[in-house]
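Throughout, a chain's letter reflects where its sequence line sits, starting with A, and its residues are numbered from 1.
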Number of protein chains: 2
Amino acid sequence: MKVQNKIRAETRFSSAEISNDVGLLLAKLHALSSNLNNRALAEFDLRERSFSVLTLACSGLEPTQRELAEFLSLDPSQIVSLVDELESRGLIERAAGKHDRRVKIVAATADGIGIHAKARAALQACEKAQLAALTENEAVQLKSLLGKALRGGEA
Amino acid sequence: MKVQNKIRAETRFSSAEISNDVGLLLAKLHALSSNLNNRALAEFDLRERSFSVLTLACSGLEPTQRELAEFLSLDPSQIVSLVDELESRGLIERAAGKHDRRVKIVAATADGIGIHAKARAALQACEKAQLAALTENEAVQLKSLLGKALRGGEA
DNA sequence: TATTGTTATACTCTATAACTATA
DNA sequence: TATAGTTATAGAGTATAACAATA
């Protein structure tokens, strides 16, 4: 069985110095998490990134594309593709900025809000399953530490 | 300044439900970590993945390619490319398995061991900088929680 | 001049499927 | 028939550079 082989390799190399690398741990957990999230979002024809954009578009906070790029740590040019795709599907709309005509404000349509609500529920169940090995307290702690490390790394 | 814009976006959207998504936190921290690690490894012409393979090849544990794939959560075909590249540079070597002629055992050359030691030192300094916002205790805790979540997710 | 969004390009990573040689 | 390694390919993610419209 594949899972057993994987566990065998895990234990056989557990003594290797690399087992405790933050980089490797992050890469593995991120890959696992992305995989599960994208599977959960597939029935809505969304992926992690398009879901993130849709979520912000639903927030009522009137994000500009530049702000989306900064908040999601993506390049502005990547935001263009994501917004293009969601807009072509009628889930979000671009609106010209009121005070600055260069900016484009991204807001969800009624359709977008509906899809988002369903996708959100599916993702939450998925996240819960991902952190099943942790207690409620540990899950909160993990999020807090990730957030703290992140804020430090940006400064 | 760019960092300030980023922080402005962070705070403006901090109330949005998505801010606390494990998936987003992992994606952002992983991206940041990979970026820094790859920059640190660039002077050795290594990347996170090739460094991981080289590290295991240096461990003396005689890993097969299949075991590398399982331990690193990569597809066997991806291991082929990584091993090809490191072998062509004379840093590692493939050896036929003793009991099973199908398997190939990957071991570092003297050159590989030398490069690895230098790269390892550079990476450790880099990791320390990445987790600078955390106390020593918090860093240990983060690694422990990542490992625990990971083991649960594989079962 | 500087910034927002856009287009374009090249490279890396991810996901599959099929093939070969051994077992 | 099953497994280890290999080859091939397509799609997603990452990193830059250049450009038009607006500030």
Side-chain angles (χ1 to χ4, degrees), chain A residues 1-2 4-6 8-9 23-24 26-28 30-39 41-42 45-53 63-70 72-85 87 94-106, chain B residues 1-2 4-6 8-9 23-24 26-28 30-39 41-42 45-53 62-85 87 94-106:
Chain A
M1 199 175 231
K2 289 196 174 181
Q4 286 196 351
N5 285 341
K6 173 141 196 171
R8 200 172 303 143
L24 183 62
L26 280 173
K28 287 164 94 166
H30 174 232
L32 184 66
S33 163
S34 280
N35 199 323
L36 293 172
N37 286 337
N38 285 330
R39 272 174 211 274
L41 291 169
D45 281 306
L46 291 170
R47 296 183 62 78
E48 275 192 324
R49 289 172 160 215
S50 45
F51 173 80
S52 298
V53 170
T64 67
Q65 292 190 190
R66 185 63 47 162
E67 287 176 319
L68 291 178
E70 282 152 2
L72 299 173
S73 296
L74 297 176
D75 191 88
S77 64
Q78 299 176 278
I79 299 292
V80 172
S81 320
L82 292 166
V83 170
D84 277 351
E85 196 230 329
E87 191 176 42
R94 283 174 167 101
K98 292 147 196 164
H99 309 302
D100 184 340
R101 281 190 305 169
R102 285 175 305 180
V103 314
K104 298 201 180 154
I105 288 165
V106 176
Chain B
M1 201 174 230
K2 288 197 174 181
Q4 286 195 347
N5 284 342
K6 173 140 196 172
R8 199 173 304 144
L24 184 61
L26 280 173
K28 288 164 95 167
H30 174 231
L32 184 65
S33 164
S34 280
N35 199 324
L36 293 173
N37 286 337
N38 285 331
R39 272 174 211 274
L41 291 170
D45 281 305
L46 291 169
R47 295 183 62 78
E48 275 191 324
R49 290 173 160 216
S50 45
F51 173 79
S52 298
V53 170
E62 306 198 330
T64 67
Q65 292 190 191
R66 186 62 49 159
E67 287 175 319
L68 291 177
E70 281 151 3
F71 184 72
L72 299 173
S73 296
L74 297 177
D75 191 86
S77 65
Q78 298 176 278
I79 300 292
V80 172
S81 321
L82 292 167
V83 170
D84 277 351
E85 196 229 328
E87 191 176 41
R94 284 173 165 102
K98 292 149 198 164
H99 309 301
D100 184 338
R101 280 190 306 172
R102 285 175 306 179
V103 313
K104 298 199 181 157
I105 287 165
V106 176

Need one value for B/Thr64: base, sugar-phosphate or nothing, where a base atom within 4.0 Å counts as base even if backbone is also close, heavy atoms only. sugar-phosphate
Can you tell which of D/dA2, C/dT7, D/dT7 lies closest to the side chain of B/Arg102? D/dA2
Options C/dT6, D/dA4, C/dC13, nucleotide nearest the side-chain atoms of B/Val103: D/dA4
Does [N] have OP1 or OP2 under 4.0 Å away from a side-chain N or O of [X]?
{"X": "A/Gln65", "N": "C/dT6", "answer": "yes"}
{"X": "B/Asn5", "N": "C/dT3", "answer": "no"}
{"X": "B/Arg101", "N": "C/dA23", "answer": "yes"}
{"X": "B/Arg47", "N": "C/dC13", "answer": "yes"}
{"X": "A/Arg66", "N": "C/dA2", "answer": "no"}

Side-chain heavy-atom pair A/Arg94, A/Val83 within 4.5 angstrom cut-off: yes
Find the distance [X]:[atom1] to [N]:[atom2] and express it as a whole number of Å.
{"X": "A/Asp100", "N": "D/dA21", "atom1": "CG", "atom2": "P", "answer": "16 Å"}
{"X": "B/Leu41", "N": "C/dT12", "atom1": "CG", "atom2": "P", "answer": "14 Å"}
{"X": "A/Glu48", "N": "D/dG13", "atom1": "CD", "atom2": "P", "answer": "8 Å"}
{"X": "A/Asp45", "N": "D/dA12", "atom1": "CG", "atom2": "P", "answer": "11 Å"}
{"X": "A/Arg94", "N": "C/dG5", "atom1": "CZ", "atom2": "P", "answer": "9 Å"}
{"X": "A/Ile79", "N": "D/dG13", "atom1": "CD1", "atom2": "P", "answer": "12 Å"}
{"X": "B/Arg39", "N": "D/dT16", "atom1": "CZ", "atom2": "C1'", "answer": "12 Å"}
{"X": "A/Asp75", "N": "C/dT9", "atom1": "CG", "atom2": "C1'", "answer": "13 Å"}

